[in-house]
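Beneath this line is the structure, given in structure tokens, with notes to follow.
Atoms within each ligand, like the ligands themselves, are counted from 1 in listed order.
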Amino acid sequence: MCSANLPHEAESIITSGAVRPRLTFLGVGPLGGTYAACYAELGYEVLGYDVDEGRVEKFSAGELPFHERGLGELVRKNLDNGRLRFTTDIDDVAEFGDVHFVCVGTPSRRDSDSADLSYMEACVTSLVPKLKREALIVGKSTVPVGTAAWVQQLIDKHAPGDVRIEVAWSPEFLQEANAVQDVLRPNRVVLAAQTEWAQDLLEAAHKGVFELAAQEDREVPLVVTDFATAELVKVASNAFLSTKISFINAMADLCDRTGGDVTALARAMGFDERIGHKFLRAGIGFGGGCLPKDLRALAARGRELGAGESMRFLSEIEDINIGRRTRAVRLAAEMADRSNGPAGPELGGLNITVLGATFKPDTDDIRDSPALDVARRMSAGGATVTVYDPMGMENARVAQPQLKYAQDLRSAVTGADLVCVLTPWEEFRHLEPAALGDLVAHRRILDGMNSLDPQLWVNAGWQYRGMGRNASA
Ligand code: UDX
């Protein structure tokens with residue numbers, strides 16, 4: 001893991017390098033915060049910047065404002081060795097950096113599916129007028145294609161006099177809960193710049209990643225390309241992953257109607273190397289801060305560019321995804337012998353325990369979480385819903401205060417008419433059906449992400465339902 005820090009030699013080789021640009025990361029959320037600490041670990045001098053004082057204070061004290069496996073150690077280590085600092089002062093940023101990475105959020109706009117670039121605009125226009133020496137501004141945030149050219153226009157408009165300031169692009173591909181590894185040991189690096197000067201500086205700013213790979217006898221594929229392609233790689237990759245998930249979820253629907261088992265189907269399909277096993281887990285669908293919003297933003301950008309017809313399938317992908325949540329609530333009603341009338345499932349009087357609130361395991365992130373949304377829908381259908389999650393309780397409570405939250409797993413399931421495992425946390429996968437059976441009111445389990453062994457539960461006298469498997473178990 002990341003705390004499997006760099007080999008000792010790596011530090012001396014990297015820090016003794018002749019040209020080592022000083023790096024800043026603007027926006028120290030899950031993206032910029034992880035990059036800042038990891039690039040300090042790779043030997044760069046790094047300054048993290050954010051307008052959020054709370055975040056900067058936490059990082060500066062060696063604490064994390066969000067959960068990310070292995071990141072805390074790297075932050076503390078590099079604060080201690082002096083290679084990492086955090087600030088809310090943009091003058092400090094302008095003074096310090098040679099290469100400025102823009103890592104701010106690009107959420108969906110309130111009034112449409114397009115990406116909101118206002119944080120990016122604020123960040124660039126506050127930094128650029130302060131720059132007194134040449135600098136490269138590198139986009140890392142996920143953006144609509146065409147943004148790099150717009151950033152260059154902003155720079156040209158706000159640049160002070162004759163200082164050379166250029167834009168470059170290098171998308172990130174971090175997966176939450178694996179972000180430290182994804183930065184230190186990426187599966188590819190994509191770079192786009194417009195001049196030789198910018199390209200050289202961009203490469204120098206990523207050199208640490210390649211040096212570490214060489215020391216570990218690995219290769220990191222490098223794709224040098226144009227702005228449009230670099231901007232598209234990220235959204236296209238996320239749209240592709242979403243498509244894969246919705247595809248298998250559509251197959252889950254067929255399995256439910258025919259008695260097939262979607263987990264066996266996905267396993268069998270995945271042995272074809274052209275298909276592969278990853279991202280074929282059927283269940284209640286995808287969520288999180290990236291996949292859903294990137295899918296919508298790509299479709300919106302496609303429409304703006306006159307490619308709406310080609311991007312139309314993306315809305316089907318989203319519809320299938322949201323349909324999984326409806327399906328889970330209907331299944332819950334079926335299992336408890338309740339009606340699924342035209343007004344929706346009738347769950348009044350039922351005590352439902354939802355295990356899992358985060359959008360996936362090993363994170364405290366509940367953004368667009370299918371699990372939490374299913375819990376909300378069950379509550380709206382009249383059920384008393386009690387939620388338990390190993391890490392996401394605090395965030396969930398703020399987002400869905402009307403739900404009940406249990407202190408621990410045991411109290412969460414006690415007296416339940418139905419238990420739903422909606423986020424495949426490791427600790428839920430190892431639940432003991434017999435022991436749990438003594439606590440609940442009715443032995444009914446809904447396996448929302450197909451992460452349990454149906455036979456174990458059925459053998460212990462439970463009514464088991466997965467998503468697209470064991471329709472009649
Ligand atoms: C994603 C991309 O994977 C990453 O490359 C990009 O940089 C950011 O967006 P992340 O949001 O951390 O990363 O989550 P990911 O692991 O991709 O999972 C997204 C969602 O898909 C989760 O809700 C997960 O449960 C769901 N999922 C994943 C499935 O439903 N089935 C699968 O087979 C895999």
Side-chain angles (χ1 to χ4, degrees), residues 29-32 34-35 66-69 71 103 105-107 115 140-143 170-183 185-190 231-252 262-263 265-267 269-270 275-298 317-318 320-325 327-328 356-374 389 392 421-426 428-429 447-451 466-468:
L31 166 60
T34 307
Y35 259 95
F66 50 84
H67 178 81
E68 185 58 57
R69 195 172 22 179
L71 184 60
C103 302
T106 51
K140 274 253 173 250
S141 307
T142 305
V143 293
S170 178
E172 53 77 28
F173 306 100
L174 307 195
Q175 265 184 281
E176 284 183 32
N178 198 51
V180 168
Q181 285 303 319
D182 290 339
V183 175
R185 298 174 175 87
N187 51 21
R188 80 281 216 195
V189 169
V190 178
E231 291 162 333
L232 276 170
V233 181
K234 174 63 187 290
V235 278
S237 300
N238 276 356
F240 187 80
L241 293 172
S242 310
T243 303
K244 230 179 152 184
I245 298 169
S246 276
F247 178 87
I248 202 65
N249 277 327
M251 294 303 116
V262 75
T263 55
L265 175 68
R267 185 158 179 268
M269 284 172 64
I275 297 173
H277 284 111
K278 294 188 177 156
F279 276 69
L280 282 184
R281 183 198 282 273
I284 57 172
F286 59 81
C290 293
L291 258 49
K293 105 175 152 60
D294 290 354
L295 194 68
R296 290 192 286 268
L298 181 60
I317 301 303
E318 193 182 0
I320 292 170
N321 194 47
I322 297 300
R324 302 308 291 167
R325 303 177 187 187
R327 171 82 188 130
T358 54
F359 84 97
K360 68 175 191 180
D362 299 320
T363 175
D364 61 357
D365 195 342
I366 49 107
R367 284 178 296 169
D368 212 335
S369 165
L372 200 55
D373 193 40
V374 168
D389 186 280
V421 177
L422 299 187
T423 310
W425 283 92
E426 195 65 21
F428 301 155
R429 296 176 58 196
D447 185 9
M449 289 301 287
N450 293 340
S451 59
M467 301 290 287

Between ligand 1 and Lys234, can you find any atom pair, the residue atom being a heavy atom, that is separated by under 4.0 Å?
yes
Return yes if some donor-acceptor pair links the side-chain N/O of Asp294 with the main-chain N/O of Val235 below 3.5 Å, else return no.
no
Identify the protein heavy atom lying closest to atom 33 (O) of ligand 1, giving its residue, its atom name and the separation to 0.1 Å.
Arg281 N, 2.8 Å
Looking at Arg296 and Glu318, is there a salt bridge between them, counting it only when a charged N and a carboxylate O are closer than 4.0 Å?
yes
Taking the side chain as C-beta and beyond, is there a heavy-atom pair between Cys290 and Thr142 under 4.5 Å?
no
Answer yes or no for Met449: is there a heavy-atom contact with ligand 1 below 4.0 Å?
yes
List the residues meeting side-chain contact (heavy atoms from CB on, under 4.5 Å) with Pro171, not counting sequence neighbours, and say none if there are none.
Trp169, Phe173, Val190, Ala230, Lys234
Atom 5 (O) of ligand 1: the protein heavy-atom neighbour that sits closest, reported with distance to 0.1 Å
Phe173 O, 3.7 Å
Tell me, which protein residue and heavy-atom name are nearest atom 1 (C) of ligand 1, and how many Å apart are they?
Leu291 CD1, 3.5 Å
Hey, does Leu280 come in under 3.5 Å of ligand 1, counting only N/O atoms on both sides?
yes
Tell me, please, which residues at least two apart from Leu174 pass side-chain contact (heavy atoms from CB on, under 4.5 Å).
Leu31, Thr34, Tyr35, Glu172, Ala179, Asp182, Val183
Check each of Pro30, Ser369, Gly287, Cys290 against atom 9 (O) of ligand 1 and report the one with the nearest heavy atom.
Cys290
Under 4.0 Å to a heavy atom of Lys360 - the qualifying atoms of ligand 1, by number:
10 (P), 12 (O), 14 (O), 15 (P), 16 (O)
Give the atom numbers and elements of ligand 1 that come within less than 4.0 Å of a heavy atom of Glu176.
12 (O)
Taking all non-hydrogen atoms of both residues, which atom of Gly285 and which atom of Pro370 are closest, and how far apart?
O-CG, 3.3 Å
If I apply the N/O under 3.5 Å rule, does Gln175 come out as touching ligand 1?
yes
At what distance, to the nearest 0.5 angstrom, does CG of Leu280 lie from CZ of Arg267?
13.0 Å
Distance-only N or O hit between ligand 1 and Leu241, under 3.5 Å
no
Hey, does Phe359 come in under 3.5 Å of ligand 1, counting only N/O atoms on both sides?
yes
Between Ile284 and ligand 1, which residue portion shows a heavy-atom distance shorter than 4.0 Å: side chain, backbone, both, or neither?
neither
Using a 4.0 Å cutoff against the non-hydrogen atoms of Phe286, which atoms of ligand 1 qualify?
20 (C), 21 (O), 23 (O), 26 (C)
heavy-atom search around atom 17 (O) of ligand 1 in the protein gives Phe279 CZ, 3.2 Å
In terms of heavy-atom contacts, Phe286 and Asn321 come closest through N-OD1, 2.7 Å
Geometric N/O contact Leu174 with ligand 1, under 3.5 angstrom:
yes
Could you check which of Asn238, Ile245, Asn187, Asp182 puts a non-hydrogen atom nearest to atom 29 (C) of ligand 1?
Ile245
Mark yes when over 12 heavy atoms from residues, nucleotides or ligands other than Arg188 sit less than 6.0 Å from its CZ; otherwise mark no.
yes
Which pair of non-hydrogen atoms, one from Met449 and one from Pro424, has the smallest distance, and what is that distance?
CG-CD, 3.7 Å
For Gly285, the ligand 1 atoms whose distance to one of its heavy atoms is below 4.0 Å:
30 (O)
Got Thr358 and Ser369 here, is their nearest side-chain heavy-atom distance under 4.5 Å?
no
